[in-house]
Amino acid sequence: MGMAMTGVVHVPIYPTIGEDEYKYILQHAEVKLVIVGDQKLYEKINPIAVLLDNIEQVYTFEEVDGAKNYEEILTLGEQKKEQHSAELEKIKSSVQPEDLATLIYTSGTTGVPKGVMLTQKNLVSNFVAHSKMHHLGKDHHVISFLPLCHVYERSVNYHFQYKGMGIYYVGNLSQIVSAIKEIKPHMFNSVPRLLEKVYDGFVTKGKELTGIKKSLYFWALDLTQHFEYNKNYGPLLSLKIKLADKLIYSKWRAALGGNIVYVVSGGAALQPKIARVLGMSKMLNLEGYGLTETSPVIAVNNPASKEMKIGTVGAVLEGFEVKIADDGEILCKGPGVMKGYYKADDLTAEVIDNEGWFHTGDIGVFEDGKYLKITDRKKEIFKLSGGKYIAPQMIENKLKASNLIEQVMVIGANEKFASALISPNFPLLHDWCAEHKIHFENNKELIQKPEVIEKIQKEVQIINKTLGSHEQISRIRLVCAEWTPATGELSPTLKLRRNIVAAKYQHLIDDIYSVGKS
């Protein structure tokens with residue numbers, strides 16, 4: 001906030017990226033001052049900073065021997081406040097809406113990161129618009145656990161501050177459950193992966209029950225699939241929902257603190273069944289969509305205007321115009337569209353056309369003439385050798401609806417058929433193996449068990465029935481590792497890095513498509 005008020009450009013950087021990427025960003029952005037969290041990060045960054053002429057100082061938030069501390073900046077400010085107050089006010093009043101506020105380097109799935117230039121107006125116009133979605137305010141609490149270097153969490157934090165809501169920051173993901181029980185938040189931001197884990201937790205809880213309790217539990221879970229926003233249920237269904245709420249849904253709310261009104265979801269598509277579970281439990285899911293380049297929200301499900309539809313990212317945000325190009329790409333205009341990519345006019349020209357439309361790279365449609373639905377990434381769509389197109393994200397999202405599939409990548413460019421590399425949900429798969437008395441020493445051995453391969457194949461076959469004949473997954477290969485940002489298969493925002501996955505598992509891809517090749 002201090003930097004924004006004085007016009008200093010803030011460059012947030014993930015703490016998990018590699019040395020080369022740190023060096024590139026710090027040099028490319030011409031960073032003058034670096035502030036890091038703790039000793040571990042200081043030891044990672046300082047050797048790089050020493051080599052760069054543009055960096056003048058490195059400070060730490062925590063006490064680190066031999067390092068300058070952030071408190072020194074505050075102390076200096078206090079000492080100089082009266083002496084320079086007129087000068088400071090002059091600096092603050094000189095900051096204009098069109099001035100650059102932040103440079104956010106997109107993690108990207110290929111190539112070097114691009115520095116997205118967002119202005120003061122970009123950020124303010126966006127968070128003010130999406131703060132109008134709900135009635136919560138100064139009497140309500142939120143917890144924040146997603147990285148603030150990501151524009152999504154940052155923008156919604158501005159929104160929370162703007163509305164006077166109390167924000168409680170969670171240090172790491174392992175603390176979320178205890179934080180929720182302690183804080184009892186009314187709202188929080190999440191990504192689909194974490195909400196999938198919440199759903200898996202509900203399912204696991206049900207499986208631990210026996211007899212009539214277990215039957216009632218899964219009856220209530222099945223009932224959630226009737227949920228739609230703004231829907232009037234008939235008297236019989238309403239009675240069933242009321243009973244299920246008393247017996248089951250109230251316990252789900254209690255598990256998430258008891259006060260949740262809204263759960264915001266973004267970053268990737270959320271499975272509709274999870275939105276329905278949350279909705280029927282009176283914890284409405286506000287799924288939205290946007291990019292770093294759009295500050296970020298372009299569309300969101302909006303309870304204030306009652307413009308909500310499951311399976312979509314909601315109605316277009318106030319201030320934005322959105323249209324679908326002839327090839328299906330989503331184009332938008334509005335005050336949230338970035339100034340451009342830093343030191344890259346050529347890359348800016350590739351995404352913002354002469355008429356000012358920003359080309360998102362996403363493919364989508366409008367449902368009911370109002371609700372935006374994302375169907376895939378333009379660059380990720382590929383063609384089979386027979387000429388049919390495959391939209392992998394759509395198929396992957398359907399496959400991940402299986403509790404036993406954690407991550408998946410659909411492949412088959414220029415091949416006769418589509419296949420999939422699958423990283424199973426190992427905790428649930430271990431439970432399934434225990435139930436079926438299947439013994440294994442490690443995950444490498446586990447994924448080679450015929451019974452396990454057959455079980456996952458059956459899960460895939462269920463999804464295949466919902467796909468067109470050319471979209472169906474003909475062959476699968478299981479991998480024994482979980483895909484994470486730390487191991488490189490996912491970006492820091494949990495998007496699949498297809499080139500890295502393909503390179504890592506090229507031997508499996510070759511094996512899938514070797515049959516019939518000389």
Side-chain angles (χ1 to χ4, degrees), residues 1-10 12 92-104 116-144 146-167 169 185-190 261-267 284-308 313-322 330 332-340 356 358 360 370-372:
M1 279 298 187
M3 284 187 276
M5 288 173 72
T6 53
V8 173
V9 178
H10 176 224
K92 285 164 67 175
S93 63
S94 73
V95 179
Q96 297 300 309
E98 301 302 332
D99 288 348
L100 188 60
T102 190
L103 260 183
I104 301 179
V116 177
M117 296 190 287
L118 297 181
T119 65
Q120 303 262 347
K121 182 182 178 182
N122 286 154
L123 293 171
V124 173
S125 65
N126 204 260
F127 78 71
V128 168
H130 57 73
S131 72
K132 297 175 183 176
M133 298 183 320
H134 60 86
H135 67 283
L136 304 183
K138 64 183 178 63
D139 297 324
H140 302 98
H141 302 156
V142 295
I143 59 168
S144 176
L146 297 178
L148 281 162
C149 46
H150 187 240
V151 69
Y152 163 47
E153 186 71 6
R154 181 169 167 183
S155 180
V156 182
N157 264 253
Y158 288 149
H159 155 165
F160 294 152
Q161 291 169 5
Y162 179 67
K163 297 202 79 171
M165 300 167 79
I167 309 173
Y169 293 97
H186 299 86
M187 184 175 181
F188 65 84
N189 300 338
S190 189
V261 183
Y262 302 117
V263 177
V264 184
S265 176
L284 295 187
N285 173 250
L286 310 183
E287 188 174 1
Y289 160 73
L291 298 88
T292 305
E293 289 89 340
T294 55
S295 303
V297 183
I298 293 173
V300 65
N301 279 280
N302 188 337
S305 62
K306 295 191 174 179
E307 293 175 307
M308 306 178 77
V313 292
V316 174
L317 189 72
E318 176 185 290
F320 266 107
E321 285 180 72
V322 172
I330 299 164
C332 71
K333 272 184 185 180
V337 173
M338 66 170 179
K339 196 170 185 176
F358 173 71
T360 64
K370 179 188 291 188
Y371 302 106
L372 187 61

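We use all heavy atoms of the structure for the numbers below, so side chains are in, but hydrogens, waters and symmetry mates are not.
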**OP:** Mind checking side-chain contact (heavy atoms from CB on, under 4.5 Å) for S125 and listing every partner two or more places apart, or none if nothing turns up?
**Re:** P335
**OP:** Using the side chain to side chain donor-acceptor pair (under 3.5 Å) rule, take N157 and E153 through it: C-alpha gap first, then chi angles, then the decisive distance, then the call.
**Re:** CA-CA 6 Å; N157 264 253; E153 186 71 6; 3.3 Å; yes
**OP:** Write down the atom of V95, the atom of A4, and the distance for their closest heavy-atom approach.
**Re:** CG1-O, 4.2 Å
Original post:
Who are the side-chain contact (heavy atoms from CB on, under 4.5 Å) partners of T6, not counting sequence neighbours?
Top reply: V8, L88, I91, K92
Original post:
Judged by atom type as modelled, is there a donor-acceptor pair below 3.5 Å linking the side chain of T102 to the main-chain atoms of H10?
Top reply: yes
**OP:** First locate atom CD of E98, then atom CD of Q120, and finally report the distance between them rounded to the nearest 0.5 Å.
**Re:** 10.0 Å
Subject >> Nearest atoms (heavy-atom pairs only) where V297 meets F320 >> reply: O-CE1, 3.1 Å
**OP:** Locate the shortest heavy-atom distance separating M187 from F160; write the atom from each residue and the value.
**Re:** SD-CE2, 3.9 Å
**OP:** Begin from the C-alpha positions of I330 and L372 and carry the test side-chain contact (heavy atoms from CB on, under 4.5 Å) through to its verdict.
**Re:** CA-CA 9 Å; I330 299 164; L372 187 61; 4.2 Å; yes
Original post:
Using the ring of each side chain (for Trp, its six-membered ring), is H141 parallel, tilted or perpendicular to H186, with breaks at 30° and 60°?
Top reply: perpendicular
Subject >> Polar contact flag, side-chain donor to acceptor under 3.5 angstrom, N189-Y262 >> reply: no
**OP:** Look up atom CE in M133 and atom OG in S305, then write down how far apart they are to the nearest 0.5 Å.
**Re:** 10.0 Å
**OP:** Apply salt bridge (charged side-chain N to carboxylate O under 4.0 Å, His left out) to K163 and list each qualifying residue two or more places apart in sequence or on a separate chain.
**Re:** none
Original post:
If you look at every heavy atom in S295 and N122, which pair is closest and at what distance?
Top reply: OG-CB, 3.1 Å
Original post:
Considering all heavy atoms of both residues, which atom of E307 and which atom of A315 are nearest to each other, and what is their separation?
Top reply: OE1-CB, 3.8 Å
**OP:** Check whether the ring centres of H134 and H159 lie less than 6.0 Å apart, and answer yes or no.
**Re:** yes
